[in-house]
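Working notes, beginning with the structure itself.
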There are 2 protein chains.
Amino acid sequence: MTDHLPPIQTTARDDAVLKALAGFVRQEALGPGEKLPTERILAERLKVSRNTVREALTRWEGLGLVERRQGSGTYLKAAVSPDMLHMPLTLAGGNDFAGLMATLEIRRALEAEAAALCAIRAGKAELAEIERKLDLMEEAFQTRAGMSSDEDWEFHQAVFRASGNPLFEQIIAAMYEMFHRFWEHPLGVRDFGHASFPYHRTIFERIAAHDPEGARAEALKLIATVEDDLKRGAANLKLSDRR
Amino acid sequence: MTDHLPPIQTTARDDAVLKALAGFVRQEALGPGEKLPTERILAERLKVSRNTVREALTRWEGLGLVERRQGSGTYLKAAVSPDMLHMPLTLAGGNDFAGLMATLEIRRALEAEAAALCAIRAGKAELAEIERKLDLMEEAFQTRAGMSSDEDWEFHQAVFRASGNPLFEQIIAAMYEMFHRFWEHPLGVRDFGHASFPYHRTIFERIAAHDPEGARAEALKLIATVEDDLKRGAANLKLSDRR
DNA sequence: ATGCAGAAATTGGTTGGACCATTGAACCAT
DNA sequence: ATGGTTCAATGGTCCAACCAATTTCTGCAT
């Protein structure tokens, strides 16, 4: 009967601090890289102890929203708004290979869908932007005789942006970050990513032709080549599975 | 020339605390729900101040690994291991109709892929679990003459878990949360979700038959019905698009 | 013995103040 | 210009209290 009795709010000091800080950031229109007030000033202005401010900032730091530099200050690392949703992803105990495959499966699902949506929605301006990134990537490929992570990533980002759904870019950006965290250890595959090269242009062509299913198919082929590279790398590993 | 000079690591107090704590959890074989030592004891044992312990625990709390209850103690909320990988995902905004549709597009991509993977990988135990949730959902549907969010969500969760990739469950959980944030306000569609009901069983049947593409197709049909409901709701809305 | 209200101990939350370590800017010497 | 020195600002750590919620214990009334 008495179901929706709201969970009363007795104390929530540091949450309140974060809320206030998010409001401040919005009002001051602070963006990534900008410095926010010192802990001492925040503590004084908000009428809380510096320790409480620190706990709040520690939470933001853990979420990657903020970076603290001793002796310098605290800086924004990402855009923050009062109505953000935080979802920390945790990948437990994965050896490298399992983690990489897990992120790839997410990429397979999202990149295919994003490419299809992009083929439906991309306008002239978006198409031009994607082609520009594609040209840059192909140029880098020729120059350095190999895939370049940066230009590759920028191409994919342009596709996600043109999908009209910001969540794609945000989620896949997280996947890329995780991917590259395992990646310090190049699994011994020399020409990693080489096989994926031609599919970038075919994806673009299907998008430009407003062919959703074609774009999806090409995106799937691209991911398949990466998965293949990964499996070859796993074979090279075998024993170096320390721990 | 002097490219790869890594930024050296001098101090990392609270990181060290978390590492030690993770080791402790492993050694004591603590699982979710179990209580870990009090802050005062940790501070004493680790020879650091209680403040430092608190900062470390605050980070874990922000990551959803731990829950603190004043007067009671600190409890594990998830399995932790010394080598786990965290990737905070923060999603911006999306409290309007467009945001709702955005979450659905992500769901379409991930649910389809998860259903397909599940059809490939689910073993007998996982299948039994999924069917159990399905039965519960159908029973709730009969009893209350309508879809039940909770049982519905549990069914999908079981599918994600059986997909063998923990990221699916975590990411879609974020989508559900975003979805339900807006959802307290039923868009005026009375029998929301009704149309999706039969597809739950067809999804299960395709999974049980180890038919990935069939499962994917049924999952897509399910999402399509929800999108349809949503569009009907949007038509009902029109003006109440506050803020 | 049993049940239960109130006291006491436990535990996380907050405060204020102190000091350390790092940074960056201003200044100085060469 | 280059490289050291000094100094103020800032985050990092520590300590010692006290507050607030919870749990446990105690002792009285039944």
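Computation of the quantities below employed the complete heavy-atom set of this structure, encompassing side-chain atoms and omitting hydrogens, waters and symmetry-equivalent molecules. Quick caveat: nothing in here was measured; it's all calculated off a predicted structure. Per chain, numbering begins at 1; letters A, B, ... match sequence-line order.
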Review point. Is it true that A:R50 and A:E39 have a side-chain N and a carboxylate O under 4.0 angstrom from each other?
Key: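 Salt bridge: yes.
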Review point. Nearest nucleotide by nearest heavy atom, which residue falls closer to the 5' end of DNA chain C, A:K47 or B:K35?
Key: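 Of the two residues, B:K35 wins.
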Practice item. Select from A:Y75 and B:T38 the residue whose nearest nucleotide in DNA chain C is closer to the 5' end of that strand. Key: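 Result: B:T38.
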So which nucleotide from [options] ends up closest to the side chain of [X]?
X	options	result
B:R50	D:dA17, D:dT22, D:dG11	D:dA17
A:E39	C:dG13, C:dG16, D:dG12	D:dG12
A:Q70	C:dA21, C:dT11, C:dA18	C:dA21
A:T74	D:dG11, D:dC14, C:dG13	D:dG11

Rounded to the Å, how far apart are [X] [atom1] and [N] [atom2]?
X	N	atom1	atom2	result
B:E55	C:dG13	CD	C1'	14 Å
A:E61	D:dG11	CD	P	11 Å
B:R68	D:dT22	CZ	C1'	16 Å
B:L42	D:dT13	CG	P	16 Å

Review point. Is B:E126 reaching over with its side chain to a backbone N or O of B:G123, donor-acceptor style, under 3.5 angstrom?
Key: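 Yes, the answer is positive, given that a donor and an acceptor are paired below the 3.5 Å cut-off.
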Do [X] and [N] share a donor-acceptor pair, side chain to base, under 3.5 Å?
X	N	value
A:R69	D:dG12	no
B:R54	C:dG12	no
A:N51	C:dG16	yes
A:R40	D:dG11	yes

Practice item. Would you kindly compare B:S72 and A:G71 by the position of their nearest DNA chain D nucleotide and give the one closer to the 5′ end? Key: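 The residue whose closest nucleotide sits nearer the 5' end is A:G71.
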Practice item. May I ask you to decide if the ring planes of B:Y176 and B:H156 are parallel, tilted or perpendicular, using 30° and 60° as cut-offs? Key: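 Because their plane-to-plane angle lies in the 30° to 60° range, the rings of B:Y176 and B:H156 count as tilted.
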Point to revise | Residue from B:E154, B:Q157, B:E151, B:H200 passing side-chain hydrogen bond (donor to acceptor under 3.5 Å, both in side chains) with B:K133 | key: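 Among the candidates, only B:E154 passes.
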Review point. Judged by modelled atom types alone, do B:S49 and B:R54 share a side-chain donor-acceptor pair under 3.5 Å?
Key: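 The answer is no; no qualifying pair exists.
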